[in-house]
Amino acid sequence: NDISNADTRAIGLTKNKILSITGTVSDNVAVSSVQIYDGQNLLSGSAIVTNSQWTYLTPELLDGPHGFRAKALDSSGNSRETNSINVIVDATLPITGSIALTLDSGSSGTDGITNNSQMTVTGVESGATWEYSFNSGSTWTAGTGANFTLASGIYPAGSIKMRQTDAAGNVQTTNIATNTGVITIDKTPPLILSTATMSYVDLSNGVATQFNTGSSTYANNLGINIGT
C-alpha cells in the first residue's frame, strides 16, 4: 500500500490533514472489503476497490504520528493485513523567529544607524528554511545560514521581514519577524575638503579678511600664521 501526498517534504512527514492511501489486493474469491486502521483504531468507511486497486481517503487527522495498515476481507471470511505505513502530520504553522542588526555602530548602539549592513536571524525551527524581504513582504529571497545583507539606504519600520517554512511545508503567516524601528545603513565616509576659506575681523579697523587654510597667509600684522 502507499500514501499519496504531493505536499510531503520528507518521508513520512506532511502538512495535510486528509491523506489518500492506495494499494493493491487480489484473491481467488472476490474481495468483499478493504478496511483501514490508524494504529488500533478502525477508521470510518471502507476503501474503494476497483479491480485489483483500492483507494481510501482518510478523515481529517490530528497533528502527530499515525500508523496506517489495510485489512482485506474476502467473501469467504478470510482476511489479511498489510504492514503499517508511518506518517507524521504537522499542520501547525511556525510562529517563532526574529531579526536584528548584527552591529548597531556609531555614536549610539540603539538608534538603528550603522555602517554594518548585516542582519542576524534567530529562532528558526530545526529543519526549517527561511526567507527575507526588503519591501514589507511583497517579494521574498531565500536565506542561508544565520545572516543576510542590507544595501545602503533607509528602511522604514516594518519593511524588513523574515519568515520560515517548516519541514512539513507550513509557511509562516503570523508573528513574522520584522524591524520595529527605522534602520539606516550608511557606509559613506564624511566628506573632508582639502582647503577651506575662513575669515576674521581686524578689531583695529573693522576690516574683514578672508584667507585660505591651504596656503601660508598672515592675518595682516596680527602675527598669526594660518596654514602651512
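- Listed for the Ser84 side chain is no donor-acceptor partner under 3.5 Å among the backbone atoms of Gly67.
- A donor-acceptor contact under 3.5 angstrom links the side chains of Ser105 and Thr114, judged on distance only.
- Hydrophobic clustering keeps Val34 apart from Leu73 (ILVMFWY residues linked when any side-chain heavy atoms are closer than 4.5 Å, directly or through intermediates).
- In terms of heavy atoms, Ile36 sits closest to Ala70 at CD1-CB, 3.8 Å.
- Atom CD1 of residue Ile113 and atom OG1 of residue Thr184 lie 5.0 Å apart, to the nearest 0.5 angstrom.
- For the residue pair Ser52 / Thr24, no side-chain donor-acceptor distance below 3.5 Å is found, with atom types taken as modelled.
- Using the six-membered ring where Trp is involved, Phe134 and Phe148 have ring planes that are tilted, between 30° and 60° apart.
- The shortest non-hydrogen separation linking Ser133 to Thr139 is OG-O, 2.8 Å.
- The two residues Val25 and Ala72 have their closest heavy-atom pair at CG2-CB, 3.7 Å.
- One finds the NZ atom of Lys161 at 3.5 Å from the OG1 atom of Thr178 (value rounded to the nearest 0.5 Å).
- No donor-acceptor distance shorter than 3.5 angstrom exists from the side chain of Arg163 to the backbone of Tyr132, with no hydrogens or angles considered.
- A 6.0 Å sphere centred on CG of Leu57 holds more than 12 heavy atoms belonging to other residues, nucleotides or ligands.
- In this structure, CD1 on Ile176 lies 7.5 Å from OG1 on Thr174, to the nearest 0.5 angstrom.
- The heavy-atom pair separating Ser33 from Ser46 by the smallest distance is CB-OG, 4.4 Å.
- The one candidate from Thr14, Asn16, Asp166 that meets the side-chain contact (heavy atoms from CB on, under 4.5 Å) condition with Asp90 is Asp166.
- Residue Leu103 qualifies as enclosed at atom CG: its count of foreign heavy atoms under 6.0 Å is above 12.
- Checking each of Thr165, Val124, Thr144 against Trp130 for a side-chain contact (heavy atoms from CB on, under 4.5 Å) leaves exactly one that passes, namely Val124.
- Separation of atoms CD (Gln172) and CD (Glu131) is listed at 10.0 Å; rounding is to 0.5 Å.
- Leu150 CG to Asn116 CG: the interatomic distance, rounded to the nearest 0.5 Å, is 9.5 Å.
- The backbone N or O of Ser159 lies less than 3.5 Å from a partner atom in the side chain of Asn179, making a donor-acceptor pair.
- Counting heavy atoms from C-beta on, the side chains of Ile183 and Met119 come closer than 4.5 Å.
- Asp104 places a side-chain N or O within donor-acceptor distance of the main-chain N or O of Asp111, the cut-off being under 3.5 Å.
- In this structure a side-chain-to-backbone donor-acceptor pair under 3.5 Å is missing from Asn115 to Thr188.
- When all heavy atoms of Thr55 and Ser20 are compared, the pair lying nearest together is CG2-OG, 3.8 Å.
- Other residues, nucleotides and ligands contribute more than 12 heavy atoms inside 6.0 Å of the CG atom of Leu42.
- No continuous path of ILVMFWY side-chain contacts below 4.5 Å connects Trp140 to Ile160, so the two sit in separate hydrophobic clusters.
- A donor-acceptor contact closer than 3.5 angstrom links the side chains of Asn147 and Thr120.
- For the pair Lys15 and Ala91, the tightest heavy-atom approach, listed with the atom from each and the gap, is O-CB, 3.4 Å.
- Judged by distance alone, the side chains of Ser117 and Thr149 never bring a donor and an acceptor atom under 3.5 Å apart.
- Here the side chains of Gln164 and Thr96 are in contact, with some heavy-atom distance below 4.5 Å.
- For the side-chain contact (heavy atoms from CB on, under 4.5 Å) with Asp38, the qualifying choice from Leu43, Thr58, Leu62 is Leu43, the only one to do so.
- Ile85 is connected to Leu19 through a chain of hydrophobic side-chain contacts under 4.5 Å among Ile, Leu, Val, Met, Phe, Trp and Tyr, so both are in one cluster.
- Taken to the nearest 0.5 Å, the CZ atom of Arg69 stands 12.0 Å off from the CD1 atom of Ile21.
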